[in-house]
Asker: 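One structure, as structure tokens, below. Some questions next.
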2 protein chains.
Amino acid sequence: MRMLYHHTLLADARKVRLALGEKRLEFMEQSIEPWRRDDDLLVLNPAGKIPVLVDEDGITVCGANTICEYLDEVYAEPPLLGRTPAARAEARRLADWFDKNFHDEVTRHLAGEKLTRRVSENAAPDSRALRAGRQNIHTHLQYIAWLTERRSWLAGDHVTIADISAAANISLVDYCGDVPWGDHPLAKEWYVRFKSRPCIRPILRDVIDNIPPARIYDDLDF
Amino acid sequence: MRMLYHHTLLADARKVRLALGEKRLEFMEQSIEPWRRDDDLLVLNPAGKIPVLVDEDGITVCGANTICEYLDEVYAEPPLLGRTPAARAEARRLADWFDKNFHDEVTRHLAGEKLTRRVSENAAPDSRALRAGRQNIHTHLQYIAWLTERRSWLAGDHVTIADISAAANISLVDYCGDVPWGDHPLAKEWYVRFKSRPCIRPILRDVIDNIPPARIYDDLDF
């Protein structure tokens, strides 16, 4: 059986769970705390990082992007990148936007401070980081609105890795109740549609340690 | 004509130049200082980042990995990722290692401090960063040795994006004269072989502002 090593607090690892879900691929899972050294993990991935996927034939694939590219090559339908080189370049560009820009400007400041810091260090969030995250998120939600005014999904007519990267990050911030949905109806409309997809259901059932999610976190029609 | 927007101080941008060189694809180039806002660049890439490639048919591709994946899809020979999903997963894993781990632990501390900081801020390097970079580089050169004892190139029998990512980073550190080649003969043997490839020649002719390269930087048989 396929095995995924991951952790619910990592947006990158959520991204792989969503990609596996969109492909309707079953997998067993093992949660690994990313802030602890894990010698078994080092055997699988010399970089010592999750996510790591061990596929049914024993092939070990390390890192979120590498896993998503691998899944799209081996399990072609439905395609998560797109059907032409230009479409794939657009999906990868936007996935990168959410994996890096959104993550560094928003997810890290909000979920990183309110969830990861509390769980890993039992420490209080840094208030400057929270302020930065709450300020930065608006531009990104406006960008989602701009894109979805022109396309059904972020990178085109179908769900791609761009939507998956965005939802992986936004779901973590939404867990904290820090997405200002009221100010961004078009971004909300996109997330309502994404939340109705079966791939995200397991993630909406996650509970992080003793920190309860915001009321709307698992509400499909918030 | 194909146009690449890049800067010699960015390892990511060197990576794209090497990939274009391996594919024997001609291109015009425009250097853009990554630390300045550039409104023309924002039109091409809303993230405002380089590298950006505008291909001959006008398709705009943003970001080093997205460009390399695009090039390998559109200009298939020679393949820079590998011929099977498992081989491609290994090439992408190792490229990621050098793009992220080597970059953050070594390139940023050495080339980032001695070159980028000087050129962009006219400031002196941080001595703690230099110490960290000089210490961290050994593990990575040992890893290159470990890999090339088992394979011709880092990810297998052929040059892949893994060698390209490694050389993109190492060439910047070598510009500073900070690669302890004497302690790592197997890593040196790999780099001597890579340096003999035509793709790297333009990079070995780069001169960064008024900072001369280390004596061995462009020496093919150092």
Side-chain angles (χ1 to χ4, degrees), chain A residues 12 42 44-49 51-76 81-102 104-105 139-140 142-144 146-147 154-155 161-162 165, chain B residues 12 42 44-49 51-76 81-102 104-105 139-140 142-144 146-147 154-155 161-162 165:
Chain A
D12 253 11
L42 278 167
L44 291 172
N45 181 3
K49 293 181 185 169
V52 172
L53 178 76
V54 180
D55 205 1
E56 285 180 327
D57 50 10
I59 290 179
T60 301
V61 191
C62 304
N65 279 333
T66 300
I67 295 171
C68 290
E69 295 280 349
Y70 169 86
L71 291 175
D72 221 44
E73 289 174 358
V74 177
Y75 308 100
L81 287 161
R83 296 199 187 269
T84 66
R88 284 194 285 275
E90 179 66 352
R92 288 187 182 110
R93 174 183 80 81
L94 287 166
D96 200 57
W97 176 293
F98 289 98
D99 292 339
K100 290 186 187 154
N101 300 20
F102 189 98
D104 291 354
E105 295 165 14
T139 312
H140 292 280
Q142 282 160 4
Y143 193 36
I144 290 175
W146 189 90
L147 291 167
L154 297 185
I161 203 70
S165 287
Chain B
D12 252 11
L42 278 167
L44 291 171
N45 182 3
K49 293 182 187 169
V52 172
L53 178 75
V54 180
D55 205 1
E56 285 181 328
D57 50 9
I59 290 179
T60 302
V61 192
C62 305
N65 280 332
T66 299
I67 295 171
C68 290
E69 296 280 348
Y70 169 86
L71 291 176
D72 222 45
E73 290 174 358
V74 176
Y75 308 100
L81 287 161
R83 295 200 187 270
T84 66
R88 284 194 285 275
E90 179 65 351
R92 288 188 182 108
R93 173 183 81 81
L94 286 166
D96 200 57
W97 177 291
F98 289 98
D99 292 338
K100 291 187 187 155
N101 300 19
F102 189 98
D104 291 353
E105 295 166 15
T139 313
H140 292 281
Q142 283 160 6
Y143 193 37
I144 289 175
W146 189 89
L147 291 166
L154 296 185
I161 201 71
S165 288

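Chain identifiers are assigned alphabetically (A, B, ...) following the order of the sequence lines, protein sequences preceding nucleic acid strands; residue numbering begins at 1 within each chain.
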Asker: What residue, out of Asn45(B), Val61(B), Asn101(B), has the most heavy-atom pairs lying under 4.5 Å from chain A?
Answerer: Asn101(B)
Asker: Between Pro46(A), Ala95(A), Ala91(A), which shows the greatest number of heavy-atom pairs under 4.5 Å with chain B?
Answerer: Pro46(A)
Asker: How long is the span from the CD atom in Glu90(A) to the OG1 atom in Thr66(B), to the nearest 0.5 Å?
Answerer: 9.5 Å
Asker: Taking all heavy atoms of Ala86(B) and all of Ile59(A), pick out the closest pair and write down the distance.
Answerer: CB-CD1, 3.6 Å
Asker: Measure across Tyr70(A) and Ala89(B) and return the closest heavy-atom pair with its distance rounded to 0.1 Å.
Answerer: CD1-CB, 4.4 Å
Asker: Mind checking side chain to side chain contact (heavy atoms under 4.5 Å, CB included) for Thr139(B) and listing every partner two or more places apart, or none if nothing turns up?
Answerer: none
Asker: Quick check for you: to the nearest 0.5 Å, what is the distance between Glu73(A) atom CD and Thr84(B) atom OG1?
Answerer: 8.5 Å
Asker: Picking from Lys49(A), Glu69(A), Arg93(A), which has the most non-hydrogen pairs under 4.5 angstrom with chain B?
Answerer: Glu69(A)
